[in-house]
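Scroll down for the structure; my scribbles are underneath it.
Only this structure's heavy atoms are used, side chains among them; waters, hydrogens and symmetry mates stay out.
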Amino acid sequence: MKKIYSFMVACLLILGSANAVADTSVVGSPDNTTPWWSAFSDYYTLEPNQTLKLSFTNYTDCVNNWDNFLAVLTNGKERGADGYAEYAVLRADSYGWGPKGNTNDDKSWFVALSNNYNWGTFAADMNGAHVDLSITRQGAHVTVHADVTTTANTTYFEHFTLNCDDGTQDMGLFLSTQNGHLVIDNDQTTTTQVPDENGPVVGTPDLSLPWWSDFSDYFTLAPDQSVTITFRNDSSKGGNYTNWVLGLCNNANRGETAYSEYFILRADAYGWGDNWNAANLSNDYNWDTFQDDMDGALVELTISRDGATVYVTANIETVAGDTYTEDYFCDCGDGEQTIRAFLTAEKAQLVIYNVEYQEIEVPGLVGLMDNTTPFFSEFSPYYTIEPDHTLKLSFKNYTNRAANFNNWIAVLTTDADRQADGYAEYAVLRADNYGWGDLYSTATITQNYLTNEEGIDWEAFKQYMDGANVDLSVARSGKQVVISADITTVDGASYNETLTIPEVGDGTQVVRSFLTVEGGHLIIDEASVQIIPTPITTPTAIEEVESAKASSSAVYNLQGVRVTAPRHGIYIQDGKKVVK
């Protein structure tokens, strides 16, 4: 998760870093007798969407917990100047105050204040401790985070966030101490740009969001697509449930009659809905620290569709740098229907940094998986078919069901690439009993699709071709080439379409084939692709051959493929040639 977050920041908005060196390297008296509000570092300027990092060693008289460093967030004016004001004073002992009170008087002013100190050893731990302090402005949101390493190499953190005006105002910072002193390492003082936080927000900064009252936009997921939503989760820590919530729903909006939810998944590994299955939920949370961990955590939430199955993975990085994962999966419909995702929360605020869609890499994919493929724009590899050889392959055919021609297309060509000199198409066979090409007028096309009183039942055709499995063969035998498609629908029904070209050149030239699609997509089973010698179909004196296994009603074309609804032409029945 750390790598992912670093990558996101680098890709989105990192502009570089620069030194912001203060002249004062020692703050306070080395004998740790520094009176209250008497010693200060130089002023540091906090720019919008920037992180300021300071490193220093903290020394204390070890008497009181507050005898340590203080970080003061201001409006950028100097102390004592007209208009000088403080947004917050944060003490090392996880206490502070500001214009609206202190951490005990007004919890809503502090969006978050947390630590993992050992209070039994705190006073001694802080003497000589090294502190890496980072202050980040993201829009109106300001985060102060201190990583503390003791002289015994024990590590602690203190984390604090608040909202300051509209995020465009001047801001400054300085350090102070009481009954201690600080030694600042100026060489480690840097500023770095961070993502702009003036993006979509779910909830309110005071973390009072009621249940089911505020939502992100809908994120529509096409089949075999994923969306990754990166956001910060600010929690009121009123319970494990006061965090982000993911909803997966159909194409209707919340409140509409047709609206339904596949499932609701909460950050605390809980959920419900029509497709909810608790057995498919897993996590590696530390429940003893969960509420503190989730407050201010960076969440990278990925929802993926793989066929009918939807996978959810939440990669979580806490402000202390710990990482957790929550996973869930379930089947949602048939894999082709509309699925949408959205975020909500309860007594929490989500600040969305980034939304990124990705197509899942599908081996053998031809076309766009949302079935918007334009005509002659997406293609399979070329398959070279030697004389007297047969290309065999299998693929899944998907269609938008809008038109008959929104399906697979098989193309037989010369050995030149598309748009290159010498490229020509011998024949093109479309799934809907149609084609074209230089030799198409000499060819015979047959099919046994469902019919009605007007011919082929095209409305049924549009439906049963969606998701159908197609076993395609392109057979060369001498000069003849036969393109045959055996089609099996999702309901198990079988159909066939065959194009027979009697003569393609002299039978010795190079011939290639490829697939394309319009208004749909294909997924080729790459393991099924083979080019084998064409089976010998002799003897040709069929009228002298008896077939004991064939029933008197069975009809076959001249390639030996059974035809259930023959049209006009020459066929084989009872071992003899017949004319229909």
Side-chain angles (χ1 to χ4, degrees), residues 5-22 40-55 70-79 81-90 96 98-100 108-113 132-147 158-175 186 188-207 216 229-234 295-299 317 319 349-355:
Y5 179 60
S6 299
F7 177 78
M8 180 194 75
V9 174
C11 290
L12 288 176
L13 292 165
I14 281 186
L15 302 178
S17 61
N19 288 334
V21 178
F40 310 95
S41 72
D42 278 9
Y43 296 101
Y44 298 90
T45 299
L46 295 175
E47 299 292 345
N49 301 316
Q50 188 180 77
T51 294
L52 167 67
K53 292 187 176 182
L54 305 173
S55 292
L70 303 94
V72 184
L73 292 169
T74 75
N75 61 355
K77 296 183 180 296
E78 295 187 4
R79 292 176 302 277
D82 289 342
Y84 169 80
E86 296 163 355
Y87 289 108
V89 178
L90 178 66
K100 296 183 180 181
S108 65
W109 172 59
F110 282 74
V111 174
L113 178 58
D132 289 317
L133 184 70
S134 65
I135 306 95
T136 299
R137 290 184 65 183
Q138 289 177 288
H141 196 76
V142 178
T143 302
V144 182
H145 184 84
D147 286 315
E158 180 178 3
H159 187 79
F160 162 64
T161 61
L162 81 166
N163 290 287
C164 300
D165 293 336
D166 63 3
T168 63
Q169 75 282 1
D170 291 336
M171 287 194 69
L173 175 120
F174 62 85
L175 301 179
N186 292 326
Q188 300 300 313
T189 303
T190 61
T191 57
T192 305
Q193 293 301 115
V194 296
D196 186 355
E197 196 161 277
N198 292 318
V201 174
V202 177
T204 56
D206 65 0
L207 307 179
S216 71
I229 311 162
T230 305
F231 59 92
R232 191 189 71 241
N233 181 88
D234 295 327
D295 186 30
L298 184 76
V299 182
E317 182 178 3
V319 294
Q349 176 182 252
L350 315 180
V351 181
I352 299 173
Y353 295 143
N354 190 42
V355 177

Show the nearest heavy-atom pair for residues [X] and [Y], with the distance to one decimal.
X      : Y      : answer
Ala71  : Leu133 : CB-CD2, 4.3 Å
Tyr87  : Pro99  : O-CD, 3.2 Å
Phe174 : Asp42  : CB-O, 3.7 Å
Lys53  : Ser134 : CG-CB, 4.0 Å
Gln349 : Thr204 : OE1-C, 3.4 Å

Original post:
Where do Gln193 and Gln50 land on the side chain to side chain contact (heavy atoms under 4.5 Å, CB included) test, with the steps shown first?
Top reply: CA-CA 4 Å; Gln193 293 301 115; Gln50 188 180 77; 3.3 Å; yes

Give a yes or no answer on whether the side chain of [X] reaches the backbone of [Y] with a donor-acceptor pair at less than 3.5 Å.
X      : Y      : value
Asp234 : Asp295 : no
Arg137 : Leu46  : yes
Thr161 : Thr143 : no
Asp165 : Gly167 : no

**OP:** Show the numbers, then the answer: is there a side chain to side chain contact (heavy atoms under 4.5 Å, CB included) between Tyr84 and Thr74?
**Re:** CA-CA 7 Å; Tyr84 169 80; Thr74 75; 3.8 Å; yes

Original post:
Has Arg79 got its NZ or CZ under 6.0 Å from the middle of the six-membered ring of Phe40, at an angle within 45 degrees of the ring axis?
Top reply: yes

Subject >> Pairwise side-chain contact, Phe231 with Asn354, heavy-atom cut-off 4.5 Å (strictly under) >> reply: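 No; the side chains remain at least 4.5 Å from each other.
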
Original post:
Can you list the steps and then say if Val319 with His145 is a side chain to side chain contact (heavy atoms under 4.5 Å, CB included)?
Top reply: CA-CA 8 Å; Val319 294; His145 184 84; 4.2 Å; yes

